[in-house]
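See below for the structure under consideration.
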Number of protein chains: 2
Amino acid sequence: MATQSPTPVKPLGKQRILEAAIAYADEHGVDALTMRRIAGKLGCGVMSLYNHVSNKEDMLVGMVDIVAGEIELPSVNGDWKGALRASAANAHEVLLMHQWAPAQWSLRMPGPARIRYMDSILQVLTEAGLDARLVYSGYHAVTMHIIGFTLQEIGYLQVLDADFDELANKFLKDLSGDFPYMVDHVRAHMDDNCDSDEFGFVLDLILDGLERVSVTS
Amino acid sequence: MATQSPTPVKPLGKQRILEAAIAYADEHGVDALTMRRIAGKLGCGVMSLYNHVSNKEDMLVGMVDIVAGEIELPSVNGDWKGALRASAANAHEVLLMHQWAPAQWSLRMPGPARIRYMDSILQVLTEAGLDARLVYSGYHAVTMHIIGFTLQEIGYLQVLDADFDELANKFLKDLSGDFPYMVDHVRAHMDDNCDSDEFGFVLDLILDGLERVSVTS
DNA sequence: ACCTGAACACCGTTCAAGT
DNA sequence: ACCTGAACACCGTTCAAGT
């Protein structure tokens, strides 16, 4: 009963466009993401989008930054390893819900939310008492793990449900050259019932390493 | 004087197509890579490519596998950490020469060369005496580092020479919210004269961590 | 200020036709 | 077996015109 506008169902706007684009990419993948299709979802003409977004690149930057904003920042007081571990685990969850994001993350300009996120990680490392060199390296190690590990995991998931039969056949064929370690590894993957927390295990390797190097220096 | 064929300058073939595609992507980036442009470089019609490559996806898989084949495999005897460190450093170099590759690596089916590479890393970890769980995690940690770290580095390089001015301005603007740690980090990047071997430092964090966990278990 | 259809210069790929 | 032009169903984006 409140507002009954004639044509514009809702006022367009950058936020609404980015949300629609994220929802579409979550469901159909980033390759299927098209200006025309977003417009279709929003019930507007294609060119209307360009009133709020300068181009597709700009839109992708905005999308990544919204995802970055969904990640819980590490708490800055107390146990620095625990704080980073918790925040990284949350980032891992968020990125798995937006499987198109990790591949975009590194290759595009950081928006404000991602800069804030980067800053908070650096702050935690600094206040942990690590020296400048170790903060520098530690930041790279931690962010690389979050993005790189998740990207690898997503690649594995996508290859799996894309063509599992083809993969199995390819293996039996290439197995003629015999890659026994590879076969074992794939078998281990199939036995791994998602309860092993590989992500956290490797992250602890890095965090404990940072702490150890810091103490001994 | 030897062979003077009339029209076909050289016999087309999958290998020659992939090499042309790699050269083009190295120079202009993967976004600019087009079936039509590869055909142009090779002096043939677009559709001729499809006699040797089933589609663009297949071509990208082949391109990545050639890059994988350029990486020196870790030597299987002797010091396992040294072998992995040397191979990883070489992979890092190779990937920096094909900056489009890391983003493709994780998201596409592995070809034979990449499977061989994966197998050799697993072999080294196994023969190092690590238990199954640690081989499994160690493989993920090492490959994640190679791809993830390099991808991050490439992203930084590309953002830099894409629009350095815009980045500087953006910083001065977003600095109104003040991200002091971030500013320090960027300054450290600018002072880092490529002689610090961040790649190796973080890799050692992982390798030493693996060794330590293995010994204490 | 915001919206939009028509048009432009591109894509990857199918198809039918050539040798 | 290998090559290829024409055609199809798409892209992102410019431009001029609407409100």
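Labels below follow one simple rule: chain letters A, B, ... track the order of the sequence lines, proteins then strands, and each chain is numbered from 1. For the numbers below, each heavy atom of this structure counts, side chains included, while hydrogens, waters and symmetry mates do not.
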(message) Taking A/Lys14 first and then A/Asp58, would you say they form a salt bridge - that is, a charged N and a carboxylate O separated by under 4.0 Å?
(response) yes
(message) What is the distance, to the nearest angstrom, from the CG atom on B/Asn55 to the C1' atom on C/dC11?
(response) 14 Å
(request) Could you tell me how the ring of A/His28 sits relative to the ring of A/Tyr24: parallel (under 30°), tilted (30 to 60°) or perpendicular (over 60°)? (result) tilted
(message) Quiz question: by atom type and distance under 3.5 Å, do the side chains of A/His145 and A/His140 form a donor-acceptor pair?
(response) no
(message) Go nucleotide by nucleotide along DNA chain D from the 5' end; which of B/Gly13 and B/Arg36 gets its closest nucleotide reached first?
(response) B/Gly13
(request) For the side chain of B/Lys56, starting at C-beta, report the closest nucleotide among D/dT13, D/dT4, C/dT13. (result) C/dT13
(message) My understanding is that a pair needs two contacts under 3.5 Å, Watson-Crick or G-U wobble. By that rule, which nucleotide pairs with C/dT4?
(response) D/dA16
(message) Can you see if the side chain of A/His52 gets near the phosphate of C/dC3 - specifically, an N or O under 4.0 Å from OP1 or OP2?
(response) yes
(message) Tell me whether B/Arg133 is salt-bridged to A/Glu198, with the criterion being a basic N under 4.0 Å from an acidic carboxylate O.
(response) yes
(message) Tell me whether B/Glu57 at atom CD has more than 12 heavy atoms from other residues, nucleotides or ligands lying less than 6.0 Å away.
(response) yes
(request) May I have the distance from A/Lys14 (atom NZ) to C/dA1 (atom C1'), rounded to whole angstrom? (result) 17 Å
(request) Can you sort out the partners of B/His52 under side chain to side chain donor-acceptor pair (under 3.5 Å), two or more places apart, ordered by chain and number? (result) none
(request) Tell me the partner of D/dC10, counting only Watson-Crick (N1-N3 plus N6-O4 or O6-N4) or G-U wobble (N1-O2 and O6-N3) with both under 3.5 Å; none if nothing fits. (result) none
(request) Calculate the interatomic distance between A/Ile38 atom CD1 and D/dT13 atom P; express it in whole Å. (result) 11 Å
(request) Can you figure out which of D/dT4, D/dG12, C/dT13 approaches the side chain of B/Ser48 most closely? (result) D/dT4
(request) Let me know the distance between CD1 of B/Ile17 and P of D/dC2, rounded to the nearest Å. (result) 11 Å
(message) For nucleotides 14-19 of chain C, give me one character per nucleotide, 5' to 3': B if any protein heavy atom sits under 4.0 Å from the base, S if the only such contacts are to the sugar-phosphate, - if neither.
(response) BB----
(message) What is the separation between atom CG on A/Leu49 and atom P on C/dA1, rounded to the nearest whole Å?
(response) 20 Å
(message) Please tell me if A/Arg37 has a side-chain N or O lying less than 4.0 Å from either OP1 or OP2 of D/dC11.
(response) yes
(message) From CG of A/Asn51 over to C1' of C/dG5, roughly how many Å is that when rounded to an integer?
(response) 14 Å
(message) If we count only N and O atoms by modelled type, under 3.5 Å, do the side chains of B/Asp184 and A/Tyr136 hold a donor and an acceptor together?
(response) no
(request) Take atom CE of A/Met59 and atom P of D/dC11, then tell me their distance rounded to the nearest Å. (result) 12 Å
(request) Using atom CG of B/Asp31 as one end and atom P of D/dG12 as the other, report the distance to the nearest whole Å. (result) 13 Å
